[in-house]
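Below is one structure, written out as structure tokens, with a few remarks after it.
In the text below, chain A, chain B and the rest are named by the order of the sequence lines, each starting its count at 1.
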Amino acid sequence: MNCDIQEIQDKLVDEISMILSIETESIDVNKPLHSMGLDSLSFVELLVSIEKSFNLKLIDTSLSKEDFSTINSLSQCLLKVIDGQ
Amino acid sequence: MASKRYLTGIDWLVHAFDHMNEKKIGKGNVFHIVFEVNGVIDIDPFEQDLNQFISGHFVFKGRVARALNLAPYWKIDKNKEIKPVSISSHRIQEASNFISFCAEISQKYDQSSEGYLYCDIVSHNEKSYAVFTFSHKLFDGLGAEFFVDAFERYREDKQSYVFPARFCWPSHLNRWLEKFKAGRYVNRKLIWLSPKRKVRALSIGKGKQEYQYKVIQFDEKQTKKIIERADKEAGYLLIMPFLLSRVTYAFNRLLNRKGIQNDSMVVPVTVNARKKGEEKEMFFNHLSFMFFRLTYEEAENSMTSIKNQLYEQTKSRFSDKFSSNVMLMRIVPIPILSNLLGLYSKGAMASFSFSYLGETVFNGRKLFGKEATNLFHLPVPPVPPGLGVFVNNYNGKLNFTISYLNTLLNDKDIGFLVDILKEMPNG
């Protein structure tokens, strides 16, 4: 799968906006996910959407809190995993 | 276009739970929300404001009726007077007696009188506890918090407060194929959940049954440690599976101690099902369920299994399918539905129920002008299993409530569970 970082970021912003019922414009890609209002259930929804979009199952990976903390860091991390496949 | 407030399948299920509880323990499916505040609340103006606020919500004039299309709806009797809430005031000598006092409060309300909200103010020295009792027929946990939050906003500026005008809700008497497919999926899941022999659960026992509560409060420092531990052991933001896994561990130890080692534990977990545009709905039940099954071997260390089951249920949209499936049950009269539910898994139904409400939605940090130092829920879960664990986070502090029938657990058992759960920040 060929993706660039912007594409991944846009996809994540779209998904989070849908999950949290908020406008995409109000999403700051450098803001921690928990401060946007994501909880355990909505976070797992995001993981499911990542599996559907990028074919990556992340629930049992060793990705750290830092990898997941913002949309920006998550996008970079996803890009590395996709490139490594 | 809907012109009535039709009940959803989940509302109907809640009515069935209410009926089951009425039959078994003489009280309905209610819950308390306790606000702990600094200072003494002046009861008369509080009561007056609360009744003014309630009078603006004609939903309180309602009761269940069946429409010509057979779907149940909330019938508003415009000529009916809303029964005013009479706030009772109490004083306790020892703060440690407060929780058992709440259990006594919960015994006194007659749910058949169509009262949907009650309030008691309990004072101890310079502290007060406002104990709101809500009927699940009209509120779910988050809705009740939104209601008190809205009451506070109303009190701050009565002139500009706008009472919600929207009161219709679709009958959902369409898309039958989709509902039947959801029903088939949910039934398969429920069959998978149902253990071969019997759900691994405590036996309800005999004698007069009353609800008791045990509340464990963690301060900000302890809560931070628990969240750090959850991040490390379950993963970022996965606090719900972490807490469920710790609670399962505690119950597994207790069941082992009692020699109950048969088959699997089954845990229904309530989830918020508010959709876009309904995020702040105050009235009726906007929740659904997920179900977790943990074999005897998994129960000691259940994190991986819980995370995988959570993931699979999210992926398959199980909670949406469950809501859709129970829409079909609205045709069944409540007494029959409650009997049918009682038959599930040879009457055991579940090991315990679990709910993680997350961060409180009560935005204000004040109740009636007094600083609210804590907020926690004391629910009466359905019988069976007659046992539930409920967790919420108020202002960075986690509250754990174990709600149980007195015939299920004795003081020693509760002490055993509490000791394990209190270890959570230290893992």
Side-chain angles (χ1 to χ4, degrees), chain A residues 11-78 80-81, chain B residues 142 224 227-245 269-281 287-290 292 303-320 354-361 363 391-393 396:
Chain A
K11 184 79 197 156
L12 291 177
V13 167
D14 281 349
E15 288 298 341
I16 290 173
S17 116
M18 215 141 66
I19 291 167
L20 295 178
S21 304
I22 53 174
E23 299 300 322
T24 48
E25 292 76 28
S26 66
I27 295 176
D28 177 352
V29 294
N30 292 310
K31 204 174 162 189
L33 295 181
H34 63 266
S35 67
M36 288 181 199
L38 275 180
D39 59 12
S40 301
L41 296 177
S42 44
F43 182 66
V44 175
E45 265 188 70
L46 178 65
L47 296 183
V48 167
S49 74
I50 289 171
E51 185 185 347
K52 284 182 181 156
S53 304
F54 306 107
N55 204 19
L56 297 171
K57 193 172 176 181
L58 297 179
I59 187 103
D60 282 330
T61 59
S62 54
L63 292 181
S64 66
K65 182 182 171 181
E66 285 68 38
D67 296 326
F68 280 114
S69 60
T70 65
I71 294 176
N72 196 4
S73 62
L74 183 54
S75 311
Q76 289 175 19
C77 182
L78 287 177
K80 271 188 219 159
V81 180
Chain B
L142 287 182
K224 224 173 151 189
I227 294 171
E228 279 169 11
R229 194 176 161 199
D231 279 348
K232 212 164 91 188
E233 293 182 25
Y236 177 54
L237 280 175
L238 294 177
I239 186 156
M240 188 283 262
F242 173 78
L243 297 175
L244 176 56
S245 151
V269 174
T270 46
V271 296
N272 178 18
R274 284 170 172 75
K275 302 215 181 309
K276 194 170 181 164
E278 321 171 349
E279 293 91 343
K280 292 196 170 179
E281 280 291 335
L287 50 87
S288 187
F289 293 90
M290 285 191 179
F292 294 82
M303 185 84 78
T304 307
S305 178
I306 288 172
K307 274 171 64 179
N308 285 334
Q309 291 184 53
L310 173 62
Y311 191 81
E312 288 312 318
Q313 290 186 66
T314 307
K315 198 172 162 183
S316 64
R317 308 203 72 81
F318 178 81
S319 56
D320 289 347
F354 180 83
S355 177
Y356 175 59
L357 284 162
E359 185 69 42
T360 176
V361 295
N363 278 323
V391 192
N392 80 318
N393 187 331

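- Atoms CG and CG, from B:Asn272 and A:Leu41 in turn, are 8.5 Å apart once rounded to the nearest 0.5 Å.
- Minimum heavy-atom separation, B:Lys315 to A:Lys52: O-NZ, 4.0 Å.
- In this structure, B:Tyr236 contributes its side chain and A:His34 its backbone to a donor-acceptor pair below 3.5 Å.
- Formation of a donor-acceptor pair under 3.5 Å by the B:Thr314 side chain with backbone atoms of A:Glu45 is not found in this model.
- Within the model, atoms NZ of A:Lys57 and OH of B:Tyr311 stand 6.0 Å from one another, a figure rounded to the nearest 0.5 Å.
- Listed by chain and residue number, B:Asn308 satisfy the side chain to side chain contact (heavy atoms under 4.5 Å, CB included) test with B:Thr304 (two or more places apart in sequence, or in another chain).
- No more than 12 heavy atoms of other residues, nucleotides or ligands sit less than 6.0 Å from atom NZ of B:Lys232.
- For the pair A:Val44/B:Met240, no side-chain contact is recorded, criterion being any heavy-atom separation below 4.5 Å from C-beta on.
- For A:Phe68, the parts lying near chain B are the backbone and the side chain together; criterion is any non-hydrogen pair under 4.5 Å.
- Residue contact with chain A, scored on non-hydrogen atoms closer than 4.5 Å, involves the side chain of B:Glu312 exclusively.
- Your options are A:Leu47, A:Leu20, A:Asp39, and the one with the most heavy-atom pairs under 4.5 Å with chain B is A:Leu47.
- Of the atoms belonging to B:Glu359, not a single heavy atom falls under 4.5 Å from chain A.
- No more than 12 heavy atoms of other residues, nucleotides or ligands lie within 6.0 Å of CZ in B:Arg317, so this atom counts as exposed by the packing criterion.
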